[in-house]
Every structure is written in C-alpha cells, then in structure tokens.
Enquirer: 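This is the structure I have questions about; it appears just below.
Convention: sequence-line order gives letters A, B, ...; per-chain numbering from 1.
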Number of protein chains: 2
Amino acid sequence: MNEISTHKEMLKDSGLKNTKHRNSILSIFEKNAQPLTAEQIYAELANQNTSINLSTIYRILKTLTEKGLVIKTTIKGDSKALFELNNNEHRHHLVCIECKEITMVDECPFEEYEKKLKEKMGFTILDHKLEIYGVCNHCQEKADEKNKTGIDQPSKG
Amino acid sequence: MNEISTHKEMLKDSGLKNTKHRNSILSIFEKNAQPLTAEQIYAELANQNTSINLSTIYRILKTLTEKGLVIKTTIKGDSKALFELNNNEHRHHLVCIECKEITMVDECPFEEYEKKLKEKMGFTILDHKLEIYGVCNHCQEKADEKNKTGIDQPSKG
DNA sequence: GATGCAAATGCAAATCATTTTCGTTTGGAG
DNA sequence: CTCCAAACGAAAATGATTTGCATTTGCATC
C-alpha cells in the first residue's frame, strides 16, 4: 500500500476529504525530519510546481492539527509556528540556538537528561524551557462541583 | 532603601535611564506573582491613572528583556507574550489550561516530577512541553575551527 | 540652576504571521 | 451523473508587535 492511499485513510479516519493539497502536505512532512513552517511548505510545493495558496496551507495545517494528525510547536524567539507529523510518541525537541536545527529525542526521563544528551549527542545545553499543562486544584474542584450539580460543563473545544 | 531607589539602581546597572514609566512597570511586576502581557500592564497603569502609550510599554519590555531584568515567555495556544521579573532562579511554569493561571515552581529535577506535582499541588498534568536550547555538535565544531583560524566569531547577540 | 544632547516617549503608520470573507471549484455520497 | 457540503483562491482583515519621526525628558556638565 503506497503513501497516497495511506494518506487517504488518515484523512478519511479523521472525517476529512482526500484532496490533492492535503496529500502533498502530508508527503512533505514525511520527507522532512524537521518541523516546518507554513512558508517552508509553500516553498517546497512551489519547488514541485504545485500551485497552492498560502492561506490554504494555513487552513490545512489548522485542520490537521485539530484532528491530531499534526503537531504545532513554537520555538522561543521565533515568530513563526512549526508543524510536524504526529507520530503519537512523547518526544522532545532539541533546538540548536545557532543553526536552528531541531533534533527529535524519543527518550524523556529528565533525570540525568542533560548530562546524557551532552555525552551522547555532543549537544551543549545552555537553556531549556519546560511548560506543564494541566488542570489546577482549584479548577478541578470547580469541575467536580459542576458534575455533582448537573450544570452543563464546558465543551472540550 | 525603598522600591523606587532599588529600581533606579537596577536600571543604572544596566545602563538605562531612570524614567517614571520604567519604574511604574517594575513596580507592577513586583506586585504581581503572575507573568503579565503588555496589555495587562497597560490596563494596570490606566487603573493607576498613569498615561502611557502601548508602544512605550513594548519598548520598555523589550529593553528590560535584553538587559536580562525581565523574562519573556510564550504559552502554547496564546498569541500574546508574557513578561515577568527575572529573579535569576531556574524556574518552571505550571499553566492551568482552564483558568490560565500560572504557578511558579522552584524545584526542577524532572524525575518523579509529575507524580510529585500531582500529589503535592493537586495539579493534574495533561501535557507538557520541554524545549532544550544549546549548541549542537556540528555548530560546536564549526565554532572551534573558527577559534583556531582566528576568523572573527559571531557576537553573542 | 541652566544647558545640551542622547535616550526615551507619544502618536500614527507599518509590519508580519495568521485568519477570515466570499465567490468558485471539487470530492464523494447517493 | 447530480448535488451539496467541504475545500480552495484571492484579497482584505486582524491582532500583536515594531518602527519612523517629531517632541520631551533624564542627567552629565557647566
């Protein structure tokens, strides 16, 4: 089964139509290890003589992100968003502050993480940024109360 | 020694003039545990009947960030930048995806981090984002070569 | 305290990534 | 093959942030 039919399935499973543009963008992601900006995708498609509007790319990226097929990331100090295929693995980004190259790291336990990364990959860590997202105690209690009283809860968006 | 004179010193040490606006902004940061957006600072100053232009706030925040007095952060899914005073400690942000409240966490070792946070603070972790910034092997070698050959290096920016 | 000049500020316009509107085209269910 | 919602193109809109330029202010020096 080739790439295109795989794409077709991915899209169908997400309730999306199988269009030329969506296939092209999924293919580009598969050919690139690096997360890409909308404009990089635009340039790549131009390279392939594929005519597409930048707003269409943004629209597709937004849709694919909402469906969980793609992950949107933003890197410190960079104004443009980066997108990459979601392989459903918990991974981290190593961002070189000089060449901006992004390396994927599959392993996570942060304990001795820095040391190991330095030894194994020769990556000198200067800074890192960790953000943890979740629900605080307060909101959790509020949600529990709502459940009890039967008041309708916020949609999951 | 009061707050204002401390600000005066901070600014002087960074080679910045001691202006009313800069003092006001530093004071606002000290009164707020949460990181703030430029607009929140604007609103807060309006509250205090202090007239200031939004672009001036952006300019001051940029300057203070460049001088290392302030830290700029961006939170996933939020288009506005957040600013907070730099207390020169390695800290992480706990972001509640419901109320958006940000909690500072001083401790870091990530090992058992999530579990501990859940137990100690009642914060249910749904996701986290870790970005590691540094210099990759490749760039490091390039830099070493340049050092040898005496070619001038990029300024530290 | 007066003076001068670079730095800081206000205001309006510009910028830049991203989104939206709306008219047209297309995928795919029936 | 037909039809309609979904997708797309083009251009304009948006929203956060930045910039150009004229004016004001901090502060070192007189």
Side-chain angles (χ1 to χ4, degrees), chain A residues 4-5 7-26 28 35-43 45-46 49-67 69-83 100 157, chain B residues 4-5 7-26 28 35-43 45-46 48-67 69-83 100:
Chain A
I4 300 297
S5 59
H7 294 166
K8 190 169 176 174
E9 272 178 39
M10 289 171 62
L11 294 168
K12 191 167 192 177
D13 289 351
S14 297
L16 299 174
K17 284 186 182 173
N18 174 39
T19 72
K20 196 179 58 154
H21 289 336
R22 283 174 182 162
N23 273 289
S24 308
I25 290 179
L26 289 173
I28 286 178
L36 301 168
T37 65
E39 286 205 67
Q40 285 173 321
I41 293 170
Y42 183 75
L45 286 172
N49 292 316
T50 303
S51 163
I52 187 172
N53 198 279
L54 189 54
S55 67
T56 301
I57 295 178
Y58 276 111
R59 247 186 307 229
I60 291 175
L61 291 173
K62 191 183 180 191
T63 306
L64 296 180
T65 302
E66 283 166 1
K67 297 297 184 184
L69 301 179
V70 156
I71 292 173
K72 181 180 183 178
T73 318
T74 39
I75 296 298
K76 185 185 181 182
D78 223 332
S79 51
K80 295 172 204 165
L82 293 169
F83 299 86
K100 300 293 154 83
Chain B
I4 300 297
S5 59
H7 294 165
K8 190 169 179 175
E9 271 179 38
M10 291 170 63
L11 293 168
K12 190 167 194 178
D13 289 351
S14 297
L16 299 174
K17 284 186 181 173
N18 174 39
T19 72
K20 195 179 60 156
H21 289 335
R22 284 174 182 161
N23 273 290
S24 307
I25 290 179
L26 288 173
I28 287 178
L36 301 168
T37 65
E39 287 205 65
Q40 285 173 322
I41 293 169
Y42 183 75
L45 286 173
Q48 302 172 14
N49 292 316
T50 302
S51 163
I52 187 173
N53 199 280
L54 189 53
S55 67
T56 301
I57 295 178
Y58 275 111
R59 250 186 303 231
I60 290 175
L61 290 173
K62 190 182 180 193
T63 306
L64 296 180
T65 301
E66 282 166 0
K67 297 298 183 184
L69 301 179
V70 155
I71 292 173
K72 181 180 182 176
T73 319
T74 38
I75 296 300
K76 184 185 181 182
D78 223 332
S79 52
K80 295 171 205 166
L82 293 169
F83 299 86
K100 303 292 156 80

Enquirer: The criterion is side chain to side chain contact (heavy atoms under 4.5 Å, CB included); which residues satisfy it with B/K17, sequence neighbours excluded?
Expert: B/T19, B/R22

Enquirer: Which atoms of nucleotides 20-26 of chain C (N or O only) lie under 3.5 Å from a protein N or O atom, and what are those distances?
Expert:
unit_1	atom_1	unit_2	atom_2	d
C/dT21	O4	A/R59	NH1	3.2

Enquirer: Counting the atoms with a prime plus P, OP1 and OP2 as sugar-phosphate, which does A/A38 contact under 4.0 Å by heavy atoms, base, sugar-phosphate, or nothing?
Expert: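 Nothing, no heavy atom under 4.0 Å.
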
Enquirer: Let me confirm one number: the CG-CZ distance from B/L54 to B/R59, rounded to the nearest 0.5 Å.
Expert: 10.5 Å

Enquirer: Just jot down the side chain to side chain contact (heavy atoms under 4.5 Å, CB included) partners of B/T37, sequence neighbours excluded, or say none.
Expert: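 Once residues adjacent in sequence are excluded, the partners of B/T37 under the side chain to side chain contact (heavy atoms under 4.5 Å, CB included) criterion are B/E39, B/Q40, B/K80, B/L82.
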
Enquirer: Roughly, in whole Å, what's the span from CG in A/L61 to C1' in C/dA17?
Expert: 13 Å

Enquirer: Starting at CD1 of B/I60 and ending at P of C/dA8, how long is that distance when rounded to a whole Å?
Expert: 9 Å

Enquirer: Going 5' to 3' along DNA chain D, which are the first and last nucleotides with any atom under 4.0 Å from a heavy atom of chain B?
Expert: D/dA16 to D/dC27

Enquirer: Could you tell me how far apart A/N53 (CG) and C/dA17 (P) are, to the nearest whole angstrom?
Expert: 15 Å

Enquirer: Could you grab the distance from atom CG of B/N53 to atom CG of B/L45, nearest 0.5 Å is fine?
Expert: 12.0 Å

Enquirer: 5'-most contact on DNA chain D: B/T74 or B/K12, nearest heavy atom basis?
Expert: B/T74

Enquirer: Can you list everything that forms a side-chain hydrogen bond (donor to acceptor under 3.5 Å, both in side chains) with A/S79? Sequence neighbours excluded, please.
Expert: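 For A/S79, no residue satisfies side-chain hydrogen bond (donor to acceptor under 3.5 Å, both in side chains) once neighbours in sequence are set aside.
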
Enquirer: Start with the C-alpha distance between B/S14 and B/L69, add both sets of side-chain angles, then the distance that settles side-chain contact (heavy atoms from CB on, under 4.5 Å), and finish with yes or no.
Expert: CA-CA 9 Å; B/S14 297; B/L69 301 179; 3.8 Å; yes

Enquirer: Report the distance from atom CG of A/L16 to atom P of C/dG28, rounded to the nearest whole Å.
Expert: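 Spelled out: CG on A/L16 to P on C/dG28 is 11 Å.
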
Enquirer: How many whole angstroms separate atom OH of A/Y58 from atom P of C/dC16?
Expert: 13 Å

Enquirer: Would you kindly give the CG-to-C1' distance between B/N18 and C/dA7, to the nearest whole Å?
Expert: 13 Å

Enquirer: Using the side-chain contact (heavy atoms from CB on, under 4.5 Å) definition, which of the options B/L64, B/T65, B/I28 pairs with B/F83?
Expert: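 Considering B/L64, B/T65, B/I28, a side-chain contact (heavy atoms from CB on, under 4.5 Å) with B/F83 is found only for B/T65.
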
Enquirer: Between CD1 of B/I52 and CD1 of B/I57, what distance do you get to the nearest 0.5 Å?
Expert: 4.5 Å

Enquirer: List the residues meeting side-chain hydrogen bond (donor to acceptor under 3.5 Å, both in side chains) with A/T73, not counting sequence neighbours, and say none if there are none.
Expert: none

Enquirer: Find the distance A/L11:CG to C/dG28:P and express it as a whole number of Å.
Expert: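 Atom CG in A/L11 sits about 9 Å away from atom P in C/dG28.
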
Enquirer: Looking at residues at least two apart in the chain, or sitting in another chain, which of them share a side chain to side chain contact (heavy atoms under 4.5 Å, CB included) with B/T74?
Expert: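 Side chain to side chain contact (heavy atoms under 4.5 Å, CB included) list for B/T74, sorted by chain: A/K129, B/A81.
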
Enquirer: Please report how far the helix from C/dG1-D/dC30 to C/dG30-D/dC1 bends, comparing the axis fitted to its first five pairs with the axis fitted to its last five, to the nearest 10 degrees.
Expert: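 The value is 30°.
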
Enquirer: Among all residues two or more places apart in sequence or in another chain, which pass the salt bridge (Lys or Arg N to Asp or Glu O under 4.0 Å) test with B/K76?
Expert: B/D127

